Amino acid sequence: MASLILLNGAQLAKQQSGALGIVCLRANYSTDGPRKLKTTNLASLKRGTGGRSSFNGVVATVFGATGFLGRYVCNKLGKIGSQVIIPYRADHYEAMRLKLCGDLGQVLFHPYHLCDEESIYKAVKYSNVVINLVGRDWETKNFAFQDVHVEGARRLARIAKQAGVEKFIHISSLNATPHPEPILTKEGSKFLKSKYAGEKAVREEFPDAIVFRPSDIYGQEDRFLRYYAHIWRRQFRGMPLWYSGERTIKQPVYCGDVAQGIVNAIKDSDSQGQTYQAVGPRRYKLSELVDWFHREMRKDKEWWGYQRYDLRYDPTFMIKVKLTEFICPSFPVGDLHTERVEREYVTDDVKKGVPTLEDLGVNLTMMEDQVPWELRPYRAALYYDAELGEFEKPAPPQFLH
């Protein structure tokens with residue numbers, strides 16, 4: 001019947017004027033004229049059942065979307081029908097893959113530079129949520145920690161406030177402190193010091209900002225599991241750790257849990273001005289984690305020859321770190337650089353009374369359930385087609401609580 005109506009309308013359009021033909025075609029489908037919007041409030045424009053092909057009223061600008069955590073955040077935002085604006089710099093092909101996170105027309109891109117205030121304003125002026133995931137693990141000749149973590153964060157928060165953004169979410173770091181304890185360097189971790197200053201700068205410009213302090217984040221293409229799995233982190237088949245890793249306690253968190261916490265904070269009306277500690281459900285000694293990683297990679301002591309020893313008695317390792325920074329200053333091989341080694345031995349300090357991801361309704365992922373899958377590509381003799389039950393299941397790590 002619909003095709004017959006369309007055919008009759010098309011024949012009528014040929015016989016009469018073009019304008020009359022168009023009117024006849026429209027009349028066959030709908031008699032409603034254009035309706036005037038009562039309000040431009042995005043929340044009033046919600047449409048759909050809440051899935052990827054819906055619009056839930058959230059327009060989020062995600063700075064740092066092409067990074068490790070940003071890809072998970074964009075995907076979760078797209079799944080619930082958010083419109084996502086992705087500012088990018090340098091090669092636009094890095095950002096284009098994120099087009100698939102949302103439905104057609106819901107993922108938009110805009111070039112920007114962290115020092116260009118006009119481009120930042122254009123990226124946030126239509127948004128009601130801004131998420132700052134921009135960060136550096138090491139300093140480069142173009143961007144120091146102060147430029148990215150402090151001045152850049154301050155600039156984003158200030159412009160978001162000027163543009164009338166309702167929620168500003170800033171990603172800091174667990175253990176951020178103005179006076180980090182020195183371990184291998186004289187001043188301590190400059191990363192943690194700048195992250196603390198960045199939190200303070202954001203609060204000054206956007207008092208109701210939501211701050212997340214994640215511990216070491218693991219997942220696909222991370223810089224935690226892959227750091228210890230990389231050949232350049234080892235000394236042949238030995239793993240140097242400060243005090244053999246016995247004095248360092250870590251509480252790593254899965255990247256999907258952090259991303260879900262960010263999304264839940266957008267929905268939660270009570271999250272304004274809060275600080276959340278994004279940590280995993282269990283605490284482990286660093287020595288236990290690294291040993292377990294190598295068991296999962298089938299690089300244990302008995303079969304492969306792995307051994308862990310005290311970094312204090314191996315000065316050649318720090319020489320290798322300095323050499324790596326000198327040869328590859330913009331992207332150190334295996335993410336091995338002085339700042340990473342320094343921060344590696346800082347024990348995760350989870351403060352009591354500060355809310356965590358669980359307070360946002362996130363069901364935390366156990367490392368024992370996720371890490372074996374993530375480390376599977378790094379197994380020794382990966383080409384070997386093992387029979388079912390040929391290798392014993394590696395013993396899980398012992399956790400503190």
Side-chain angles (χ1 to χ4, degrees), residues 34-67 69-88 95-110 112 120-134 156-157 159-161 163-171 206 208-212 214 254-274 276 278 355 357-365:
R35 289 177 296 174
K36 195 172 182 179
L37 290 176
K38 295 181 180 179
T39 177
T40 57
N41 183 10
L42 293 172
S44 301
L45 304 178
K46 296 180 181 180
R47 292 292 183 273
T49 57
R52 197 181 294 272
S53 296
S54 304
F55 177 57
N56 62 3
V58 174
V59 179
T61 299
V62 184
F63 290 94
T66 57
L69 180 60
R71 288 169 283 183
Y72 289 85
V73 172
C74 289
N75 187 45
K76 286 188 178 291
L77 286 172
K79 274 186 175 182
I80 60 174
S82 308
Q83 187 174 82
V84 183
I85 300 172
I86 300 177
Y88 68 92
M96 280 182 63
R97 72 183 79 177
L98 298 175
K99 189 76 173 178
L100 302 178
C101 290
D103 204 2
L104 186 63
Q106 288 293 81
V107 181
L108 309 173
F109 302 91
H110 190 277
Y112 92 109
I120 294 174
Y121 181 79
K122 288 180 179 179
V124 305
K125 66 178 180 178
Y126 297 115
S127 301
N128 50 16
V129 175
V130 172
I131 304 172
N132 177 28
L133 303 173
V134 179
L156 295 178
I159 296 175
K161 190 68 174 179
V165 172
E166 298 173 12
K167 286 194 174 184
F168 184 87
I169 298 177
H170 174 69
I171 307 302
F206 204 118
D208 289 335
I210 305 169
V211 176
F212 281 83
Y254 180 53
C255 54
D257 294 342
V258 181
Q260 188 62 53
I262 292 173
V263 172
N264 290 358
I266 295 174
K267 302 176 184 177
D268 191 349
S269 58
D270 297 328
S271 62
Q272 292 283 63
Q274 292 285 351
Y276 295 96
L357 294 177
E358 291 177 299
D359 294 291
L360 287 170
V362 179
N363 295 321
L364 297 178
T365 302

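These numbers come from a predicted model, not from an experiment. Atoms considered below: every heavy atom in the structure, side chains included; atoms not considered: hydrogens, waters and symmetry mates.
- In this structure, CG on Leu108 lies 12.5 Å from CG on Leu98, to the nearest 0.5 angstrom.
- To the nearest 0.5 Å, atoms CZ (Arg52) and SG (Cys101) are separated by 7.0 Å.
- Annotation: side chain of Gln274 is not in contact with side chain of Asp268 (no heavy-atom distance under 4.5 Å).
- Minimum interatomic distance between Tyr121 and Ala163 (heavy atoms only, all atoms of both residues): CE1-CB, 3.8 Å.
- Two residues are said to be in side-chain contact when any heavy atoms from C-beta on lie closer than 4.5 Å; Arg97 and Arg71 meet this criterion.
- Atom CD in Gln106 sits 5.0 Å away from atom CD in Gln83 (nearest 0.5 Å).
- The two residues Ala123 and His110 make their nearest non-hydrogen contact at CB-ND1, 4.4 Å.
- With contacts defined as side-chain heavy-atom distances shorter than 4.5 Å, the pair Ile131/Val73 qualifies.
- Put simply, the side chain of Leu357 does not reach to within 4.5 Å of the side chain of Asn264, judged on heavy atoms.
- Annotation: the span from Ile262 atom CD1 to Tyr276 atom OH amounts to 12.0 Å, rounded to 0.5 Å.
- Within the 4.5 Å cutoff, the side chain of Tyr88 has no heavy atoms near those of the Met96 side chain.
- No donor-acceptor pair under 3.5 Å is formed between the side chain of Asp208 and the backbone N or O of Gln272.
- The neighbour count for Lys99 NZ, taken as heavy atoms of other residues, nucleotides or ligands under 6.0 Å away, is above 12.
- Between Glu358 atom CD and Asp257 atom CG the span is 9.5 Å, to the nearest 0.5 Å.
- Once rounded to the nearest 0.5 Å, the distance linking OG1 of Thr66 with CG of Leu133 reads 9.5 Å.
- Taking the side chain as every heavy atom from C-beta outward, Leu77 and Ile266 approach each other to under 4.5 Å.
- Residues Leu156 and Phe168 are in side-chain contact: their nearest non-hydrogen atoms beyond the backbone lie under 4.5 Å apart.
- Just one residue in the list Ile171, Ile86, Ile85, Ile120 forms a side-chain contact (heavy atoms from CB on, under 4.5 Å) with Phe63, and that residue is Ile120.
- Thr61 has its side chain out of reach of Val165: every pair of non-hydrogen atoms, C-beta onward, lies at least 4.5 Å apart.
- Between the Asn128 side chain and the Val58 main chain, no donor and acceptor come within less than 3.5 Å of each other.
- In plain terms, the two heavy atoms of Gly261 and Phe212 that are nearest each other are O-CZ, 3.5 Å.
- Of all non-hydrogen atoms in Tyr112 and Pro87, the two that sit nearest each other are CD2-CB, 3.4 Å.
- A pairwise comparison of heavy atoms in Ala278 and Val258 identifies CB-CG2, 4.2 Å as the closest pair.
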Could you go step by step and tell me if Val124 and Lys161 meet the side chain to side chain contact (heavy atoms under 4.5 Å, CB included) rule? CA-CA 10 Å; Val124 305; Lys161 190 68 174 179; over 6 Å; no
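- A donor-acceptor distance shorter than 3.5 angstrom exists from the side chain of Lys167 to the backbone of Ala265, with no hydrogens or angles considered.
- When all heavy atoms of Val130 and Ala160 are compared, the closest pair comes out as CG2-CB, 4.3 Å.
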